[in-house]
Amino acid sequence: MLNSANKGNICVITPFMHGFYLGSLTGQLQQAAKERGFGFHCIRTESYGSFTQLIGQDHIAAVIILLNAAHPELVRKLQERDIPVISMGYDYFPLAVSNICSDNFQGIKLAFEHLMGLGFDSIGFAGDMSIYDIRKRYDAYREMHHIHGLTLDEARVYDLGDAVLQGGYEASREYLARGKNCRAIICATDLNAIGMMEALLSHGVKVPDDLAVVGYDAIAMGLNPHLQLTSVDQNLSALADEALEELERQLSSRVRRAKLVKVRPRLRKLRSCGEPPSQTKLTQAEISKEFIAKDASLSDKASAANVVELRQAQEVAALTQERVSEGLLANSYETTHHVVESQLENLMSLNALFAPYMQWGCLVRWMSSEAGDELRVMRLFSPGRNYDFDENDEDLICGRNHFPPNKVRQLLSDQLLKVTSYFPIKVADDFWGAIVLWGSGDNQGEYCSYPVFANYMDTIASGMAAQEYERRLHKLAQTVKEKQQEELEESGTLAERGRQKPSWAWNLESNQVRWNDAVLDLLGFDSDMERNIYKHMALFDRIHPDDEMRVRNEISDSLVMRKAFNSEFRMKTAGGSFLSCQVVGEAIISSEGSINGFQFTAQGIH
């Protein structure tokens with residue numbers, strides 16, 4: 001039976017299905033859902049904050065959103081349909097969405113105090129401050145200086161252009177240009193840390209002899225013998241279990257609430273900070289074997305902690321099977337390129353590699369009609385044959401929420417398919433269509449990496465998009481240009497209204513906040529670097545914890561009742577003290593009469 005599962009289907013909406021962080025977290029969620037008897041849907045948005053076109057809502061029991069992969073309007077529509085939604089790492093206020101996240105403050109505290117314990121007191125920080133989580137980590141880094149009575153030197157802070165290897169290369173250049181001004185550094189991601197370590201080595205700077213380095217995410221790559229990267233482990237398996245537990249609670253109680261759950265991270269101590277070699281002798285494969293060995297001892301009453309540990313070990317094991325990994329990497333370009341050039345004719349040849357996740361598949365086209373958005377199945381794929389359909393066959397068309405159409409459901413009615421993966425084909429930010437794949441999720445005794453499967457399929461979808469883009473370049477480029485101009489004008493309007501007084505504008509459409517220089521100066525963020533870091537803080541980042549719930553309720557009342565906002569609350573300064581502020585707010589109304597945003601102004605400060 002198509003998408004058969006004991007408890008229904010959970011859909012994960014993620015910016016990307018692959019990568020060391022999002023790929024691993026998606027894989028953990030897929031395994032956790034399987035263990036709890038849920039079917040698993042996953043859709044890759046390839047964007048942050050703009051995705052609204054969820055497919056197959058009629059077959060989804062609950063939704064998990066990674067970071068801000070979905071637009072708030074989609075969240076609202078899901079809640080209107082009484083579909084539970086939780087977020088992992090993003091605050092969707094004023095919508096009642098629980099947020100399951102790693103405790104960034106505790107993670108940085110572990111890293112900072114570990115370095116202090118090793119005798120370092122001039123500790124730097126490097127990361128892309130435009131990213132919500134990384135800004136939180138920088139905030140914790142600042143807080144550590146206050147707690148330990150240290151002076152924060154902005155010359156040791158490196159605001160990078162991205163969170164991957166290139167950002168690490170950028171950090172290395174700045175570190176050398178600034179005269180190697182610290183003996184230890186915390187990088188906001190492992191990829192930043194690895195890029196920095198590799199680049200510095202080429203300039204004769206050795207880790208840890210010349211510079212101690214701590215990363216964040218504890219990715220498998222950091223276990224490489226020549227890296228041995230000390231890193232904050234966000235505990236992804238525990239995050240996945242907390243998310244599934246919260247969804248199960250909401251499904252059983254039918255109570256929707258905005259609950260914040262912070263999962264405590266751990267510190268993986270290796271050689272990059274100068275720890276004794278005795279702590280670093282295990283290779284990736286040895287670590288995997290050590291964990292996998294516990295599988296035989298697991299009883300029916302195995303603890304949740306052991307199950308989580310085993311699931312992590314299985315993922316590492318899949319990535320460290322030398323011959324499998326080398327083969328997948330060596331053939332990834334040639335194999336995916338061949339599939340794209342065949343116009344998906346050879347898509348199911350990959351079944352030999354990823355059978356649990358691709359026993360059937362289809363290519364769908366996105367269409368707009370008077371009835372609304374619709375999907376048309378163009379081709380159906382199986383390992384034995386491909387099906388081409390008459391484009392006038394109405395039984396192959398369905399509404400977005402009802403996907404797949406009846407004819408496809410009938411063809412697959414005798415299949416036990418519990419895992420559904422959607423790979424949208426986007427052309428210049430427009431949805432052209434999607435590759436949809438169904439599988440049983442049965443690993444058949446061997447662990448098959450979902451993130452590696454997703455990486456292959458993402459590459460194929462991107463190749464299809466590139467081909468379509470060549471045919472539609474001029475028209476779509478013009479459409480994008482006009483859309484960007486509209487967004488620029490709207491953001492300019494919001495900023496203009498709060499230019500003079502200490503104020504901040506909240507755009508409800510994008511859930512973005514813009515704090516002007518006057519309010520940042522008031523809070524003590526008066527350097528160009530910190531203004532740039534904090535100009536897009538989340539709405540409640542600086543509000544005193546004891547005031548936050550009251551202020552949330554007051555803003556919600558103002559939005560619902562369409563009345564002015566007037567409240568007094570405390571805001572945290574850069575130095576850690578609190579200012580009491582009298583704040584007024586005014587709704588920004590569109591020409592159609594809807595509320596587009598809110599403008600807040602601090603009038604009285606004491």
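The figures that follow rest on heavy atoms only: side chains count, while hydrogens, waters and symmetry mates do not. Model, not experiment: these values are computed from the prediction.
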Cation-pi check for Phe125 against Arg156: NZ or CZ below 6.0 Å from the six-membered ring centre and within 45 degrees of the axis, yes or no?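 No.
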
Just to verify, what does Ser577 make a side chain to side chain contact (heavy atoms under 4.5 Å, CB included) with, not counting sequence neighbours?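 By the side chain to side chain contact (heavy atoms under 4.5 Å, CB included) rule, Ser577 matches Thr573.
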
Passing candidate, side-chain contact (heavy atoms from CB on, under 4.5 Å) with Met571, options Asp541, Ile605, Leu523: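 Exactly one option meets the side-chain contact (heavy atoms from CB on, under 4.5 Å) with Met571, and it is Leu523.
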
Taking only residues two or more places apart in sequence, or in another chain, which ones meet [X] in a side-chain hydrogen bond (donor to acceptor under 3.5 Å, both in side chains)?
X	result
Glu113	Lys109, His148
Asp82	Arg254, Arg256
Arg257	none
Arg268	none

With no hydrogens and no angle check, do the side chains of [X] and [Y] hold a donor and an acceptor under 3.5 Å apart?
X	Y	result
Gln250	Glu246	yes
Thr189	Asp217	no
Gln28	Ser237	yes

Do the charged groups of [X] and [Y] touch, with an N to O distance under 4.0 Å?
X	Y	value
Arg550	Glu554	yes
Asp521	Arg531	yes
Asp557	Lys563	no
Arg142	Glu154	no
Asp547	Arg552	no
Glu170	Arg173	no

Do the ring centers of [X] and [Y] come within less than 6.0 Å of each other?
X	Y	value
Phe38	Phe40	no
Phe112	His145	yes
Phe578	His544	yes

In a table with atom names and distances, give each donor-acceptor pair under 3.5 Å that connects a side chain of residues 179-186 to protein atoms at least two apart or in another chain.
unit_1	atom_1	unit_2	atom_2	d
Asn181	OD1	Tyr158	OH	2.9
Asn181	ND2	Ala155	O	2.8
Arg183	NH1	Asp210	O	2.6

